[in-house]
Amino acid sequence: MLRNKFMCHCERPTGVRQSRKKHYTGLLRKPTPLNGTLILAAFILLLTSQCSAFAEPVPVAAVPAQPQTSQGTQPQPAVPVVQYATYQNCLRQYSMPFDKLYYLALASVNTNKFDILEMQSRNGYILFETGGKEFLLSVMDRKDKKSSFIKLTPADNSYMFPITVPQKIFGYIDANLSTAIQETK
């Protein structure tokens, strides 16, 4: 069999007989104008009928636009960050006598509704509990007897507690520095 050099290998020369093909002419109908009209009428009836899904318009709710940053991304919601106390946050010096600072510290613990577990005025410590954690509040006297300092220490020596505990204690003491200490009967 001769092949043309431009002929594909799958093409046959015109003189070679091809295999017989089965023709299924009776199974498919040719479209008539009447069949097309019926299909179009059924489609229009479906669109306009009362029982179809397209009978009533569906209200579309407008979604508010999310604010975007200059890079085009949406900002992440702010996650509250807990600020933990440090050793420096738990130590403070006051220029007042030991007795006055001890009573102000005791009043501060009581006012902030912390649970007082133990207290001793001679040694100047108050053991209290808040938020499931125990603390030792120590008042120490200086040699000059004119100034003293206060130290808040967690009982487990772990400073992983919120800074609000020393802020509340020292805030009360700072607010009441000029208050006179009176003995009540």
Side-chain angles (χ1 to χ4, degrees), residues 46-185:
L46 178 67
L47 286 176
T48 60
S49 69
Q50 295 290 331
C51 63
S52 75
F54 302 105
E56 295 180 16
V58 178
V60 178
V63 178
Q66 297 290 331
Q68 293 188 354
T69 61
S70 61
Q71 290 83 16
T73 59
Q74 293 181 358
Q76 297 297 325
V79 177
V81 178
V82 176
Q83 187 178 3
Y84 293 113
T86 61
Y87 180 77
Q88 288 77 21
N89 297 120
C90 297
L91 187 66
R92 190 154 311 168
Q93 182 175 353
Y94 291 97
S95 58
M96 66 175 67
F98 168 81
D99 294 339
K100 184 174 182 177
L101 184 59
Y102 176 78
Y103 290 123
L104 280 174
L106 186 60
S108 173
V109 171
N110 189 35
T111 302
N112 287 311
K113 300 194 184 323
F114 299 147
D115 296 327
I116 299 174
L117 303 175
E118 187 176 336
M119 61 182 186
Q120 192 174 52
S121 61
R122 182 174 180 188
N123 292 336
Y125 74 86
I126 303 165
L127 187 66
F128 67 95
E129 181 180 13
T130 179
K133 193 166 178 118
E134 292 181 2
F135 295 93
L136 176 66
L137 189 63
S138 304
V139 179
M140 292 167 260
D141 197 11
R142 302 281 302 221
K143 288 183 181 179
D144 61 358
K145 305 288 185 194
K146 293 181 182 176
S147 64
S148 52
F149 64 95
I150 187 167
K151 179 177 156 184
L152 178 68
T153 310
D156 59 357
N157 208 22
S158 172
Y159 283 87
M160 299 293 286
F161 60 90
I163 196 169
T164 56
V165 175
Q167 284 176 346
K168 286 179 180 179
I169 290 172
F170 296 139
Y172 179 85
I173 293 172
D174 292 338
N176 295 301
L177 282 176
S178 60
T179 306
I181 303 296
Q182 298 176 1
E183 185 178 336
T184 57
K185 295 181 183 182

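These figures come from a predicted structure and were not determined experimentally.
When side chains are defined from C-beta on, Y94 does not count as touching S147, because their heavy atoms never get closer than 4.5 Å. Between L136 and S138 there is a side-chain heavy-atom pair separated by less than 4.5 Å. Put simply, the side chain of T130 does not reach to within 4.5 Å of the side chain of D115, judged on heavy atoms.
Nearest heavy atom pair, residue M119 against residue L106, reads SD-CD1, 3.4 Å. Nearest heavy-atom pair, Y102 versus I126, reported as atom, atom and distance to 0.1 Å: CE1-CG1, 3.8 Å. Across every non-hydrogen atom of L177 and L104, the tightest pair is CA-CD1, 4.5 Å. The minimum heavy-atom distance linking V139 with A105 is given by the pair CG2-CB, 4.3 Å.
For residues 144-153, the pairs satisfying salt bridge (charged side-chain N to carboxylate O under 4.0 Å, His left out) are D141-K145, with sequence neighbours left out. Under the ring pair (Phe, Tyr, Trp, His ring centres under 6.0 Å) criterion, the residue pairs touching residues 120-158 are F114-F128, F128-F135, F135-F161, with sequence neighbours excluded. The salt bridge (charged side-chain N to carboxylate O under 4.0 Å, His left out) pairs that include a residue from residues 92-104 are R92-D174, where partners are two or more places apart or lie in different chains. Within the structure, the ring pair (Phe, Tyr, Trp, His ring centres under 6.0 Å) test picks out no pair touching residues 162-185 (sequence neighbours left out). Evaluation of the side chain to side chain donor-acceptor pair (under 3.5 Å) test over residues 157-167, restricted to residues two or more places apart or in two chains, returns none.
Atom CG of N112 is separated from atom CD1 of I169 by 6.5 Å, given to the nearest 0.5 angstrom. Between atom OG1 of residue T179 and atom CD1 of residue I173 there is a gap of 11.5 Å, rounded to the nearest 0.5 Å. The distance from atom CD1 of I150 to atom CD of Q93, rounded to the nearest 0.5 Å, is 12.0 Å.
Residue E129 qualifies as enclosed at atom CD: its count of foreign heavy atoms under 6.0 Å is above 12.
Judged by distance alone, with hydrogens and angles left aside, the side-chain atoms of N89 form a donor-acceptor pair with the main-chain N or O of T86 at under 3.5 Å.
For K113, there are no salt bridge (charged side-chain N to carboxylate O under 4.0 Å, His left out) partners, not counting sequence neighbours.
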